There are 2 protein chains.
Amino acid sequence: MLDAAIAVLGRQAEASIEDIAVAAGVVRQTVYAHFPSRKALLGAMIDYLTAEVASTLDALDLKTPPADEALRRWLSASWSIIERYPVLLSPVIADAAPPGDEYDRHRPVTAQLMELVRRGRRTGVFEARHPEAWIVTAVIALGHAAGQQLTAGQMSPNEAGAAYRDSVLRLVLRQPAAEDGSSTKTTSSGAQ
Amino acid sequence: MLDAAIAVLGRQAEASIEDIAVAAGVVRQTVYAHFPSRKALLGAMIDYLTAEVASTLDALDLKTPPADEALRRWLSASWSIIERYPVLLSPVIADAAPPGDEYDRHRPVTAQLMELVRRGRRTGVFEARHPEAWIVTAVIALGHAAGQQLTAGQMSPNEAGAAYRDSVLRLVLRQPAAEDGSSTKTTSSGAQ
DNA sequence: CTTAACTTGGACACGCCTGTCTAAGATAGC
DNA sequence: GCTATCTTAGACAGGCGTGTCCAAGTTAAG
């Protein structure tokens, strides 16, 4: 049922309870039997996703390796999360917490990323010409861009992931980073 | 009246006709006296913005200078446009053309940018490891990020603009680009 | 002053979504 | 077989936005 919400809202941010219900194979009233209101449903979904994402990211050990290596790990993990849960890029998530929270509502993601960025700057591995908040925002924005290219069918999952990772590294790392030629063949215009 | 729509929709993408009307200092029915429907209003607004943006960008001469210099000009111009018309970053614009148009609906902007990117790659000045569409999307995404930081009050206009420009250059240019220390004082965390 | 153009307030139909209620059906466990 | 639980169908109220109609008011121009 939450799965249905995650799937539907990933495609249609303004989906109604009805839409979610049919996707779950039940009828609207049944949804209300489990969640008293739309807000409650969204809240439960976000809690679920938060736990899921947090557990993935917590298993990463970002504090031991040098910041650039940690960033690479983080990028791999965050990209696979984005692939699995497109809804995370949807305004549904951001709209869930209107009060002036953090600059962004991807709390479980941004918290660790922020920490990592701070460390990378302290150790001189990351660029430090702009506010930390900017780096975090830019990384997320590139995640959005890649996810969008993916759902629009403009790029394959591998292409989008590679573009995302490379671009973030170019943006964040102090030195050119030797441009690791990852697993994907980057034919310069072979989109879908 | 269109100005009111531009202003209101820039802050509230899902604003109603009522909202736009009061912002324009009139009453809802008066809006309908000028535009037969919501779609017509949005259409007129988009046409107006398109013309405005196109005229700004056409006055730029992006084809004469080397691609990197042209990109810098384009960034300056596009940033001032973003500052002037935050609504351009709103989903209102993208939602206006659902049919499988271009990868994006910022047509007047993307067309020239795409052209520029192509040239930069041909002349070896720009990175070419990923599809052209990715570069365009990423640039727009960074524009969104900067605009969002701005409207969220996280960064000053100068900070956001500098971050936007620098980040795009880092992303697109083949060589480090000597990091021009532009007009803005980039104190590394002096937001607001 | 009188007319034409524009604006206003009131009212209403329609559609869509949310949230609630109730009676009837299905299902599993005791 | 009977009962507790879940699901379903139908219906309904209330809210909100869109779009339409119309009568009365305002304003500027002839």
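Predicted model only: the values in this text are computed from it and were never measured. All chains are named by letter (A, B, ...) in the order of the sequence lines, taking the proteins before the strands, and each is independently numbered beginning at 1.
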Where protein sits on nucleotides 3-19 of chain D, one letter per nucleotide: B base, S sugar-phosphate only, - none, heavy atoms under 4.0 Å: ----SBBBB-----SBB

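- Between Phe35(A) atom CZ and dT18(C) atom P there is a gap of 15 Å when expressed in whole angstrom units.
- Looking at residues two or more places apart in sequence or on another chain, you find no ring pair (Phe, Tyr, Trp, His ring centres under 6.0 Å) involving Trp74(A).
- Hydrophobic cluster membership differs between Leu2(A) and Val27(A), with clusters built from Ile, Leu, Val, Met, Phe, Trp and Tyr side chains linked at under 4.5 angstrom.
- Test Leu42(B), Ile93(B), Asp19(B) against Leu9(B) for side-chain contact (heavy atoms from CB on, under 4.5 Å) and you get one pass: Leu42(B).
- Here the options are Met114(A), Arg121(A), Arg118(A), the test is side-chain contact (heavy atoms from CB on, under 4.5 Å), and the partner is Ile135(A); only Arg121(A) passes.
- Over its length, the helix from dC1(C)-dG30(D) to dC30(C)-dG1(D) turns its helix axis by 0°, as judged from the five terminal pairs at each end, rounded to 10°.
- Counting heavy atoms from C-beta on, the side chains of Val117(A) and Val172(A) never come closer than 4.5 Å.
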From CA spacing to verdict: salt bridge (Lys or Arg N to Asp or Glu O under 4.0 Å), Arg170(B), Glu127(A): CA-CA 11 Å; Arg170(B) 287 182 71 86; Glu127(A) 259 300 318; 3.6 Å; yes

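- Asp61(B) and Thr64(B) share a donor-acceptor pair across their side chains, judged by distance under 3.5 Å alone.
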Kindly determine whether His144(B) and Leu89(B) satisfy side-chain contact (heavy atoms from CB on, under 4.5 Å), including the steps that lead there. CA-CA 6 Å; His144(B) 277 248; Leu89(B) 299 177; 3.6 Å; yes

